[in-house]
Amino acid sequence: MQKTVTRNFDRENFHPQTFFNEISIQIQQCCEDRKVFLLVSGGVDSTVVFALLNKILGPHRVLGLHVDTGLMRLDESAAVLDYMKNHGFHNLKIEDASQEFLNALDGVYDPEKKREIIGRLYIDIKEKVSEKLELNIDEWVLAQGTIYPDILETAAKDSGDKGAQKVKTHHNRVDAIMELIEKGLIVEPVAQLYKDEVRSLGEFLGLPKELVWRHPFPGPGLGVRCLCSDGNFSGISAADTDKLKSIAKQAGYESCILPLRSVGVKNGARTYAHPAVVRGLCDWSLLEKLSADITNSIPTVNRVVYALDDNAPHSYKLTKCHITKERLDKLRAVDSIAADTLRQSGEYDDIWQMPVVLLPVVNERGGECVVLRPITSKDALTAKFVPLKPQTLQIIAEKSSRVDGTGDLFFDITNKPPGTIEWE
């Protein structure tokens, strides 16, 4: 739609009606007489864009494609199709490409490489479906649900922000996508908007609450929540370990550093450092202060998690593993348990998003450790962790412990900054 994506309004002056009027003209000018092919993940952004394009261009000029990557939440793809049909969207197709994604990610450990593979494969699948449907490529453009924070955190050359620095590469900003953008073959209607503005636009378009206020789900899906490792770890300095234990002990907690790294953000730039584990009294105010004290005092630590099982083993080992269906099923099970428990406790709507992360780290029993990351945010550029009711955590912990192969359950008590919403 445009090669330079910049905000031309401030947050206070955003109004969905005004935005709709302006973006309608831009979309019609960009598409001319062409049709639009949209990848619909089922998340908030792509769903709103799908509704927007249908309203502006009409369903006869819009084709939605949901790709089942095998990286979806439990029963997600079937739910997306039912959801869309039940709310009047009949121009959506589903393509099962789960095995292709799993094959492509086999033996891949690097987070950036995973995002690159996933982003490129989305395009490959789109082209494969286009050929199968005998679509004339000259008659179509590709649409994406890219939002402004995606661009800022990737610090792509079309961000319009010379001071932006790269935090992570979003799947919709990999090289293959950037080439299409340069050729003017990508339509990104909400690329100027933050998440809260996208939701506001969705409500203006008449989308039901359950669609607009779903917890966000990343395009790469569980591909960025199922962490991988080649098993190599350079170690942690004794000085940092001693300093961590000293800070935690003063607050009345035990602590250790996990043998892996996660992505974070500081002064708008990416950090790649270690998470620390603390265990002791569940006092959320004290834990939030302790988290800040640790990340401010130890540069090699950018994230702090709270161990939910006080009697859990205190020894952790990094293990060599990549994305497999078995690991994804394990993660899907815990993710589903967490979401269902939040709905039953009435806390689901108080949380903007809750990533559940599977770590390539095992406890003394050999179970892979899992992290709960409930946060609240308006724009995704900053976030605060959300304390949960003790009984909610107890239910999640008890049910998750029954999932075969799971280890310790951690609760991420890191705000953003210094910890990003996702772990990679």
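Sequence positions, counted from 1, serve as the residue numbers for this chain. Below, all heavy atoms of this structure are taken into account, side chains as well, without hydrogens, waters or symmetry copies.
In this structure, the ring of His87 has its center no less than 6.0 angstrom from the ring center of Phe50. Tyr306 has its ring centre no less than 6.0 Å from the ring centre of Phe385. Aromatic ring centres of Tyr348 and Trp213 lie farther apart than the 6.0 Å criterion allows.
Using a 30° and 60° split on the angle between ring planes, Trp284 and Phe411 fall in the tilted class, from 30° to 60°.
Between Lys289 and Asp293, at least one side-chain nitrogen of the basic residue sits less than 4.0 Å from a carboxylate oxygen of the acidic one, meeting the salt-bridge criterion. At a threshold of 4.0 Å, the pair Asp110-Lys114 does not count as salt-bridged, since none of the basic side-chain nitrogens sits closer than that to a carboxylate oxygen. Taking 4.0 Å as the cut-off between side-chain N and carboxylate O, Asp309 and Arg279 do not count as a salt-bridged pair. Here Lys384 pairs with Glu288 in a salt bridge; the nearest charged N to carboxylate O distance falls below 4.0 Å. Under the 4.0 Å criterion applied to side-chain N and carboxylate O atoms, Glu100 and Lys128 are assigned as salt-bridge partners. Between Glu95 and Lys132 there is a salt bridge, with a side-chain nitrogen of the basic residue lying less than 4.0 Å from a carboxylate oxygen of the acidic one. For Asp240 and Lys243, the salt-bridge test fails: no basic side-chain N is under 4.0 Å from an acidic carboxylate O. Checked for salt-bridge contact, Arg270 and Glu112 meet the test: a charged N lies under 4.0 Å from a carboxylate O.
The closest donor-acceptor contact from the side chain of Asp283 to the backbone of Ser285 lies under 3.5 Å. A side-chain donor-acceptor contact under 3.5 Å links Ser130 to the backbone of Lys126.
No more than 12 heavy-atom neighbours from other residues, nucleotides or ligands sit within 6.0 angstrom of CG on Asp404. Around NZ of Lys389, the count of heavy atoms belonging to other residues, nucleotides or ligands within 6.0 Å exceeds 12. The neighbour count for Asn103 CG, taken as heavy atoms of other residues, nucleotides or ligands under 6.0 Å away, is above 12. When the shell of 6.0 Å around CD1 of Ile137 is examined, it contains 12 or fewer heavy atoms from other residues, nucleotides or ligands.
No side-chain heavy atom of His314 sits under 4.5 Å from any side-chain heavy atom of Cys256. Within the 4.5 Å cutoff, the side chain of Ile186 has heavy atoms near those of the Gln144 side chain. A 4.5 Å side-chain heavy-atom check between Val305 and Ile413 finds every atom pair outside the cut-off. The shortest distance between side-chain heavy atoms of Arg199 and Arg214 does not fall below 4.5 Å. Considering only heavy atoms from C-beta on, Cys369 comes within 4.5 Å of Tyr316 through its side chain. The side-chain heavy atoms of Val40 and Leu65, taken from C-beta on, include no pair separated by under 4.5 Å. Between Asp106 and His322 the shortest side-chain heavy-atom distance falls below 4.5 Å. Leu372 places none of its side-chain heavy atoms less than 4.5 Å from the side chain of Phe410.
Of the candidates Ile337, Val370, Asp335, Ser400 forms a side-chain contact (heavy atoms from CB on, under 4.5 Å) with just one, namely Ile337.
Defined by atom type and a distance below 3.5 Å, a donor-acceptor pair is missing between the side-chain atoms of His66 and Ser41. Side-chain N/O atoms of Glu347 and Ser345 include a donor and acceptor closer than 3.5 Å. Under the 3.5 Å distance criterion, with hydrogens and angles disregarded, no donor-acceptor pair is assigned to the side chains of Asp68 and Ser98. In summary, the side chains of Arg303 and Thr420 do present a donor paired with an acceptor at a separation below 3.5 Å, with no hydrogens or angles considered.
Of the inter-residue distances, the one linking Cys226 atom SG with Leu105 atom CG reads 9.5 Å to the nearest 0.5 angstrom. Between Leu260 atom CG and Glu424 atom CD the span is 10.0 Å, to the nearest 0.5 Å. Going from atom CG of Leu409 over to atom CG of Leu393 covers 8.0 Å, rounded to the nearest 0.5 Å. Residue Gln99 holds its CD atom at 12.0 Å from OG1 of Thr69, rounded to the nearest 0.5 Å. Distance OH/Tyr194 to OG/Ser377: 10.5 Å, rounded to 0.5 Å. Here Leu227 contributes atom CG and Ser229 contributes atom OG; the two are 9.0 Å apart, rounded to the nearest 0.5 Å.
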If you apply the rule salt bridge (charged side-chain N to carboxylate O under 4.0 Å, His left out), what do you find for Arg365 with Asp408, and how did you get there? CA-CA 9 Å; Arg365 298 187 298 272; Asp408 295 4; 3.8 Å; yes
Between Lys330 and Val403, does the side-chain contact (heavy atoms from CB on, under 4.5 Å) criterion hold? Intermediate values first, please. CA-CA 7 Å; Lys330 188 188 307 183; Val403 177; 4.1 Å; yes
Could you give me the CA-CA distance, side-chain angles and deciding distance for Val304 and Asp412, then say whether side-chain contact (heavy atoms from CB on, under 4.5 Å) is met? CA-CA 6 Å; Val304 180; Asp412 195 331; over 6 Å; no
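Annotation for Ile421 and Ala383: closest pair CG1-CB, 4.2 Å, computed over non-hydrogen atoms.
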